[in-house]
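Working notes, beginning with the structure itself.
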Protein chains: 2
Amino acid sequence: MQDSDTRKKPDQPSAQPASRPRRSDATRAAILAAARERFAADGYERATIRAIAKDAGIDPSMVMRYYGSKEGLFAAAADIDLNLPAPMELRIQPAEHADPARTADVGRFLVSHFLDRWEQDEVLTALLRVGATNPAGAERMQQILKDQIGPVAARVCPDPADAPRRAALVASQVLGMALARFVLRFPLAVEMSKEEIVDWLAPTVQRYLTAPEP
Amino acid sequence: MQDSDTRKKPDQPSAQPASRPRRSDATRAAILAAARERFAADGYERATIRAIAKDAGIDPSMVMRYYGSKEGLFAAAADIDLNLPAPMELRIQPAEHADPARTADVGRFLVSHFLDRWEQDEVLTALLRVGATNPAGAERMQQILKDQIGPVAARVCPDPADAPRRAALVASQVLGMALARFVLRFPLAVEMSKEEIVDWLAPTVQRYLTAPEP
DNA sequence: TATTGTTGCCAACAAGCGTTGACCAACAGG
DNA sequence: CCTGTTGGTCAACGCTTGTTGGCAACAATA
């Protein structure tokens, strides 16, 4: 899902789903990488197509040809997969027993996973920065919450009916920490070790997901 | 602190600290109000001086005359007072007894107060939006955290030495919820009632502030 | 080899931005 | 009354932005 392209001119209207490699694939990838870096560092407006093109070592007009517009470029760059485990896998860990505390430590796992994910892929910071000022970015985040975090919550929380609310609570804590650490760069949020953060946030997330009531 | 001006031409170099009212005070206030609205709605880059001036019903050049530059305007508009109670007042509530759980419900009070504050004053949303893309905005937020939340944490948490860390944790949860509810406008974060949010977040904040260890 | 599509650069466009300085109207103090 | 200060508009500046079309070089196909 990550490197999907917005390819034009579908040669065979109903042919193979993955189009064969092109000579320009390296350039496309360079543009995408530069775009992620710039969006992460500067946000949507200040990440100019000219700057991105310069980073990628090509002409600005190429960006337009391959991605149509700045919005198209962002859409391609912000195609994110959180790599969350399929919900079923979560139940396996603590063997197979009844309702209370279905998964021993979803909270711990999730917080740790998110921190790793954020540190290794700047596109998450990019999406967070852009989402704060750009409607399309905010919508994309909302979609990720719904499609990728929601299902996990649905499997783990007591009443699947209010899984969305649980997911939103989890998102508020995780995004808040990401904001403080990777976007605003509060010194104290930056200096804390990953383990320390996990120790503090895991019980919170665990409670948001599994507590029967506040 | 809220409506501080960047007044030029100090007539008497060492005269009264508060200058007398001017004929243009209404215009200044209109500009500031429009600026807060635009910054909150659009972020720093897309909130143009021209648009702000139009909202205020005056010429763009007036903004420059009264606030020097766009940065100056933002600095004036983002002069924020969280209205947190002086730390001493917090200790009074549960009478006067020893260490464990100094204040019965700081968490509940803080979450409720922040939600109120955010709802009634759009400048908080403005600062959050701008802080995500603008270094000056991020620095301002950091300063508010240090000067206004830090002291509260220092009085309430077990070891005043790591009050800053406690404050950062609290900020991560509170800012995260503000981000989800007021900036990204996740439907489920918007639909939840204020009481519901307080019920969920209060224990978290309480723990971040008063728990002896994670 | 001739033709056709792909890859890339260059120069330019129109629009929008923050910012500036000239200029006029209204008021204030003597 | 005049005179200087203040409040405000207007038109323009220099610059950057996203975006476009033309044109040369290369690769692939026939």
Side-chain angles (χ1 to χ4, degrees), chain A residues 5-12 15 19-32 34-35 38-39 41-77 130 133-137, chain B residues 5-12 15 19-32 34-35 38-39 41-77 130 133-137:
Chain A
D5 281 344
T6 318
R7 308 217 160 142
K8 298 171 178 175
K9 295 188 178 180
D11 304 324
Q12 290 91 355
S19 49
R20 56 182 183 165
R22 317 180 166 204
R23 250 186 313 142
S24 60
D25 279 353
T27 302
R28 294 177 128 94
I31 294 176
L32 228 47
R38 283 282 179 179
F39 282 135
D42 300 335
Y44 189 80
E45 335 283 344
R46 301 181 38 192
T48 68
I49 288 194
R50 285 171 154 92
I52 292 170
K54 193 174 214 174
D55 287 358
I58 45 92
D59 192 88
S61 62
M62 304 298 297
V63 178
M64 303 301 298
R65 185 177 300 179
Y66 291 143
Y67 296 99
S69 68
K70 190 178 180 180
E71 281 204 19
L73 173 62
F74 175 73
V130 172
T133 39
N134 188 285
Chain B
D5 280 344
T6 317
R7 308 217 161 141
K8 299 172 180 177
K9 294 190 179 181
D11 303 325
Q12 291 92 357
S19 48
R20 56 188 183 156
R22 317 180 167 205
R23 257 188 302 145
S24 60
D25 279 354
T27 303
R28 293 177 129 94
I31 294 176
L32 230 46
R38 283 285 179 176
F39 282 135
D42 300 333
Y44 189 80
E45 334 283 345
R46 301 181 39 191
T48 68
I49 288 195
R50 286 171 151 93
I52 292 170
K54 194 175 213 172
D55 287 357
I58 43 91
D59 192 88
S61 62
M62 303 298 297
V63 178
M64 302 301 297
R65 183 171 327 190
Y66 291 145
Y67 296 98
S69 68
K70 190 178 181 180
E71 281 203 18
L73 173 63
F74 174 73
V130 173
T133 39
N134 188 285

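The chains referred to below are lettered A, B, ... by the order of the sequence lines, with proteins before strands, and numbering in each begins at 1. Heavy atoms only: backbone and side chains are in, while hydrogens, waters and symmetry mates are out.
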Pairs: protein N or O with nucleotides 7-11 of chain D N or O, under 3.5 Å:
from, atom 1, to, atom 2, distance (Å)
D:dG7, OP1, B:Ser24, N, 3.3
D:dG7, OP1, B:Ser24, OG, 2.9
D:dG7, N7, B:Arg65, NH1, 3.3
D:dG8, OP1, B:Thr27, OG1, 3.0
D:dG8, OP2, B:Thr27, OG1, 3.0
D:dG8, OP2, B:Tyr66, OH, 3.4
D:dG8, N7, B:Arg65, NH2, 2.9
D:dG8, O6, B:Arg65, NH2, 2.7
D:dT9, OP2, B:Asp59, N, 2.9
D:dC10, N4, B:Ser61, OG, 3.1

Can you give me the N/O atom pairs linking the protein to nucleotides 14-18 of chain D at distances under 3.5 Å, or say none if there are none?
from, atom 1, to, atom 2, distance (Å)
D:dG18, OP1, A:Lys70, NZ, 2.9
D:dG18, OP2, A:Ile49, N, 3.1
D:dG18, N7, A:Arg50, NH1, 2.6
D:dG18, O6, A:Arg50, NH2, 3.1

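In terms of the side chain to side chain donor-acceptor pair (under 3.5 Å) criterion, residue partners of A:Ser24 (sequence neighbours excluded) are, by chain and number, A:Arg28. The side chain to side chain contact (heavy atoms under 4.5 Å, CB included) test applied to A:Ala34 returns A:Ile52, A:Asp55, A:Ala56, not counting sequence neighbours.
A distance of 7.5 Å separates CG in B:Leu73 from CD1 in B:Ile31, rounded to the nearest 0.5 Å. Once rounded to the nearest 0.5 Å, the distance linking OG1 of B:Thr27 with CZ of B:Arg65 reads 11.0 Å. How far OH of A:Tyr67 is from CD1 of A:Ile49: 12.0 Å, rounded to the nearest 0.5 Å.
Identified under the side-chain hydrogen bond (donor to acceptor under 3.5 Å, both in side chains) test for residues 43-53 of chain A, with sequence neighbours left out: none.
Shortest non-hydrogen contact noted between B:Gly137 and B:Phe74 is CA-CE2, 4.0 Å. For A:Asp42 against B:Thr133, the heavy-atom pair with the smallest separation is O-CG2, 4.0 Å. Of all heavy-atom pairs between A:Arg22 and A:Asp25, the closest is N-OD2, 3.1 Å. Residues B:Val63 and B:Ala53 share a closest heavy-atom pair of CG2-CB, 4.2 Å.
Over its full length, the helix from C:dT1-D:dA30 to C:dG30-D:dC1 turns its helical axis through 0°, comparing axes from the five pairs at each end and rounding to 10°.
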